[in-house]
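Notes for the one structure printed next.
Note that these values count all heavy atoms, side chains included, but never hydrogens, waters or copies made by symmetry.
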2 protein chains.
Amino acid sequence: MTAEAKPASLQLTERQEARRRRILHASARLASRGGFDAVQMREVAENSGVALGTLYRYFPSKVHLLVATMQDQLQHMHEALRKRPPTEEEPTTRVAQTLMRAFRALQREPHLADAMVRALTFADRSVSPEVDTVSRLTTAIILDAMGLDGPPTPEQLSAVRVIEHTWHSALITWLSGRASIAQVKIDIETVCRLIDLTARDGAREGADGAREGR
Amino acid sequence: MTAEAKPASLQLTERQEARRRRILHASARLASRGGFDAVQMREVAENSGVALGTLYRYFPSKVHLLVATMQDQLQHMHEALRKRPPTEEEPTTRVAQTLMRAFRALQREPHLADAMVRALTFADRSVSPEVDTVSRLTTAIILDAMGLDGPPTPEQLSAVRVIEHTWHSALITWLSGRASIAQVKIDIETVCRLIDLTARDGAREGADGAREGR
DNA sequence: CGTTTATCTAGAACAAGTTTCACTATCGGA
DNA sequence: TCCGATAGTGAAACTTGTTCTAGATAAACG
């Protein structure tokens, strides 16, 4: 894992944009078939009609490629969610509902999910910017689901971060067969209760305010 | 990633036990030096005075090896924590304190932490049993820190699961340089408040409700 | 247009995880 | 103690991610 070459100049020509699409498409297709291991760089190159060297110019490593694939998929999901926002009343349930919806979408392509999530957590520092983009996308989805009026408070951001942690990790335990779907649901619902807490705390004052010592 | 050969018969002879130790030791040493990538199977074999084939008989893949290494380290940490249990009063703070202590221990060997955690989250189904063992160990540590009287309620177990999720995921974001130590601390403290929630929900007033005061 | 430069291609080469094979050493039981 | 089964050794082979090289193409620009 060395990887540094820049992802091609910032302004892509039309042909280049098309190549990029073909690559991402091939990547997702192979991933859907057999997960992380089935995404083989030579095959991605071949399936997208591009030389191996070119593939590496666009995505400097397999992990980069799969994280980019995840960005792509998340973007789609974000749009889909925007079109049909959650129906629930309570922010807590809205978030839980949204995440479970996303989860069911992943369930439909478990191998693809496997490839993307494994890449995401396996990514080292050289992929940080890309992983960060994914993280921001996820955060945006959750914040959307919360349906806040104003900007989120720091407490709410913390809660969202923790929800995200739980989301990723729960996904992994499910993908590796160590947790059932029901279990994931419970975990999601459990962590979402943190939102209630921040809501309550945000309006705290009177009640049991003074906690947390030394 | 194929890996299946069983980890040698259940009853190890003395020499075998020694081999196993040497291997784990070499693994940890190499990991401490350069993280996941620095643990090269050929080198582990050489450094522990064992043939490559033998190494693979003991640990059917690099990930198996590193997860086993993590088991080992966790065991040590569990013992260390038993000897000096957390000093705080509140279960919530006790857990947070314990996890931050563990976290600081990992900070001392960031490369080793990197190797172990990356292996853990990268592990596929073939490593599930081993990963599960690690998970149980972690759960035990957290439950210990909570210092419960009786057996944990289902809600409490859910909270612990979520704390564990957060712990792993926060660790990853720190290891890949996307979150600061302070950030991790906040996340841990945030998720630990779930414990308050279960306590409040689980405890019907009277009995052990002498918390709030102080 | 013609030239200069960045991109792309084909394919070889390299690195590290994993497997295989032909032997040898060790161990547990008759 | 001797023997068959099991475990260990050493080295080569295989797989797949990654890098490198030389030549063909396409783009940018005067």
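For the pair B:Tyr58 and D:dA7, the criterion of a side-chain N or O lying under 4.0 Å from OP1 or OP2 is not met. Here A:Thr54 reaches the OP1 or OP2 of C:dT9: one of its side-chain N or O atoms lies under 4.0 Å away. Distances shown here put a side-chain N or O of A:Gln16 below 4.0 Å from the OP1 or OP2 atom of C:dC8. Distances shown here put every side-chain N or O of B:Arg15 at or beyond 4.0 Å from the OP1 or OP2 atom of D:dA7.
Judged as a salt bridge (charged side-chain N to carboxylate O under 4.0 Å, His left out), the pairs with a partner in residues 16-33 of chain A (not counting sequence neighbours) are, in order, A:Glu17-A:Arg21.
Against DNA chain C, the stretch residues 18-25 of chain A makes heavy-atom approaches under 4.0 Å through A:Arg19.
One cannot find a donor-acceptor pair under 3.5 Å joining the base of D:dG8 and the side-chain atoms of B:Arg57.
Side-chain atoms of B:Val127 and B:Phe122, non-hydrogen and from C-beta on, never get closer than 4.5 Å to each other. Within the 4.5 Å cutoff, side-chain heavy atoms of A:Leu65 are placed close to those of A:Thr69.
Residue A:Met41 is the one, among A:Met41 and A:Gly53, whose nearest nucleotide of DNA chain D lies closer to the 5' end (criterion: closest heavy atom).
For the pair A:Lys62 and A:Phe36, the cation-pi criterion (under 6.0 Å, within 45° of the ring axis) is fulfilled.
Checked for salt-bridge contact, A:Lys185 and A:Glu189 meet the test: a charged N lies under 4.0 Å from a carboxylate O.
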